[in-house]
4 protein chains.
Amino acid sequence: MKKKAEERKEQVLKAAFQAVASHGYDSVTLQDIADHAGVSKGVVHYYFHNKESILSELLQSITAQIYEVEYRAISGKHTAMEKLNAYMDCVFVSPEKNKKFYRVYVNFLAQASRNPVYQKINLAFYENCWNIGREIITLGKKEGVFPIDLDVDTTAKMMRAMIDGCLTQWLMCGRDDLHDFYKKACLKSISTLLQTS
Amino acid sequence: MKKKAEERKEQVLKAAFQAVASHGYDSVTLQDIADHAGVSKGVVHYYFHNKESILSELLQSITAQIYEVEYRAISGKHTAMEKLNAYMDCVFVSPEKNKKFYRVYVNFLAQASRNPVYQKINLAFYENCWNIGREIITLGKKEGVFPIDLDVDTTAKMMRAMIDGCLTQWLMCGRDDLHDFYKKACLKSISTLLQTS
Amino acid sequence: MKKKAEERKEQVLKAAFQAVASHGYDSVTLQDIADHAGVSKGVVHYYFHNKESILSELLQSITAQIYEVEYRAISGKHTAMEKLNAYMDCVFVSPEKNKKFYRVYVNFLAQASRNPVYQKINLAFYENCWNIGREIITLGKKEGVFPIDLDVDTTAKMMRAMIDGCLTQWLMCGRDDLHDFYKKACLKSISTLLQTS
Amino acid sequence: MKKKAEERKEQVLKAAFQAVASHGYDSVTLQDIADHAGVSKGVVHYYFHNKESILSELLQSITAQIYEVEYRAISGKHTAMEKLNAYMDCVFVSPEKNKKFYRVYVNFLAQASRNPVYQKINLAFYENCWNIGREIITLGKKEGVFPIDLDVDTTAKMMRAMIDGCLTQWLMCGRDDLHDFYKKACLKSISTLLQTS
DNA sequence: TATGAATGAGCTTTCATTCAT
DNA sequence: AATGAATGAAAGCTCATTCAT
């Protein structure tokens, strides 16, 4: 019973992701979500209290998933540079996936700039991202590949700023073929930041 | 006649900016805009074809203004580092102004991820921003303060990515007091990128 | 301008009365009201904040009107018995009008039993009705046609209870032809109450 | 089997009464009723064809119960005045019970003013109430305590009109402390009506 | 019997847009 | 030029009812 309900919610959230990706945060309707899920409008209201609860759970869900994938990627590697490369491979996964996720994500950021609920969820995501950065930097310092006096916290934040800045800029250019350019440039920039004290 | 009309449009656009800043992109109504402008709803429709035209003209207007201010700032300086510092002072102008502008701007990015009209306007803004970066880098290379083999185009793009990434991250943290932290960290990161080949 | 708006509100309220009379308080829709008024649904929302505000203004309006008519009726008469007869003629005006009003009124009473807004409006109506009773009774005592030790307040309340009880009972019987029976019986009962100390 | 079903229906009707009393006639949902009964929504539909059938059976049930209690009360007494007093004690049982019942009852009257099904049920209740009045009056005439030429039918109807009028007025005033006032005033008024030809 | 997941009709409300003045 | 009354499409949400289990 409980399991079925969880699956249903998951199904609706997946549909919501698709719907927001194609219609945009503020244009998306519950009907769109229901259509994407292949269920009736009633189902959406049966499993979620209201529209905002679907969307905030969606943000929660996708940021959690992204983080999990990223964290798993760096966990499999053992040196700082390997972790960094794995992280970047993960972050710049592919034009298609990045486009879909960032389209949705920038919509949520737009909301978060006003809505504390989204803001809090995004902040938790930031914390996770920064932690990945911190882990890589700390390890690199131990290994002696990054300067010992590098500011861990600040650099971790700059890493994520660079990543989000690059992927946003890439998304806005509307050119899938530049994905690789941005990936390489971003990696190079971050490497520079990490190797300079 | 023509002049009066231009002033009217300008008045409405200013009101639209305030209205979007306070109510949010997708919550703002034409009534809100009319109220902020101190005119009737009819006026808004008299000077603009529809809601989207107001908002796209607004994006056009604010990005043009931002660029103009930034460009003027660097024009007044003569060395690369002076220009860079002036640019950053201009970009990280103050918590209040940055918050107002970026709240509106992330909303437009969210739209631009889907709407080609906004996308084109934003791309023109990017071009202008990149040009500022290029100008600074090229001058610095001439002056011998930046490595001669630095990739001008790529670095200019990374500069803007860093700036947008930092200001977005700052905005999402909801802490005005971190404005200075992000400003300094961003300047330091960009300096590092510019001084490392 | 202002006058036109007042007329519009009045028009909508009249339509609301007709709509509630034919569909019932809780079945009536804003579309019904708009249809009865011969306007679009938007107009109803343009002049009233929401559904409840229409309905509470309706109760306010009809109770005020009823009172006014009743008060004017007794004002035109000079002796207690003349006033009483005029009052009863007014209250039991006709099967059609009584049916329409009481159908709507019992719906409001049903709401008022739960909603303080309606309750307050109804209480004001009661006060007015009781005042009419008090006026008649006080005059009758002065004239010597009613016992001097008759309790003015209590008797006024019982008068209205008798009237509402009779008209409700008549309405529920669904027989227009009994209107006259109830009118006479009510008048006789009230006369008895007034003439017995 | 049959018995179980009867008990189930009774259970649902009791729950419906509580639910209507607390949520109001037109706000009450089948879920509310199911919750009050401690059963699932399906059960409600299993034993009742639809929402209206529950509510009409509820009206049937509560009016029958009220009558039964009232009738039993007067049956235990032997003189007209004793019966009248017992009747009034029964009718004005307590602020709590009267409030609960009349809140629900006025809602049904509101429905009955439009719906023949409810109207018929209420008419049957009226008949029962009038019969109680008739019984008391007839006995009183036999005993010589009421005028011999008193119109039995009419007076019985006026008795009930007075009772319903008083209790409705009391309910609408929202003051529990006036319960006793209305009880006494009602009894006095009815006594006057009965003792005056 | 009993459950509660699923449906979708129908409601209130918002608001961009039109247009008579 | 300017107003704001009027429109009605479209949205979120509620809930009686159905039905597979």
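Below, chain A is the first sequence line, B the second, and so on; all start at residue 1.
Dashed line: the shortest gap from a side-chain N or O of D:Arg8 to OP1 or OP2 of E:dA2 is under 4.0 Å.
With a 6.0 Å radius and a threshold of 12 heavy atoms from other residues, nucleotides or ligands, B:Lys120 has its NZ atom at or below the threshold. Crowding of C:Lys14 atom NZ: a count of heavy atoms from other residues, nucleotides or ligands under 6.0 Å not exceeding 12.
Below 30°, between 30° and 60°, or above 60°: for C:Tyr118 and C:Phe108 the angle between ring planes is between 30° and 60°, a tilted geometry.
In this structure, A:His23 places its NE2 atom 14 Å from C1' of F:dA11, rounding to the nearest Å. Spacing between atom CG of C:Leu55 and atom P of E:dC11 amounts to 15 Å, rounded to whole angstrom units. Between the P atom of F:dA2 and the NZ atom of B:Lys9 lies a distance of 14 Å, rounded to the nearest Å.
To the nearest 0.5 angstrom, B:His23 atom NE2 is 11.0 Å from B:Gln18 atom CD.
Between B:Ser113 and A:Arg103, the shortest heavy-atom contact is O-NE, 2.9 Å. Taking each heavy atom of B:Gln119 and B:Ala112 in turn, the nearest pair found is OE1-O, 3.3 Å.
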B/S/- contact track for nucleotides 13-21 of chain E, protein heavy atom under 4.0 Å: BBSSBB---
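Nucleic acid contact class of B:Tyr47 (heavy atoms, under 4.0 Å, all strands): sugar-phosphate only.
You'll find the ring centres of B:Tyr105 and B:Tyr102 inside the 6.0 Å limit.
Within the 3.5 Å criterion, the main-chain N or O of D:Lys41 finds no donor-acceptor partner in the side chain of D:Gln31.
Which of F:dT7, F:dG4, E:dT7 sits closest to the side chain of A:Ser40 comes down to E:dT7.
Residues C:Gly38 and B:Tyr46 both approach DNA chain F. Their nearest nucleotides, taken by heavy-atom distance, put B:Tyr46 toward the 5′ side.
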Intra- and inter-strand pairs of DNA chain E in dot-bracket (Watson-Crick or G-U wobble, both distances under 3.5 Å; | for another strand): .||||||||||||||||||||
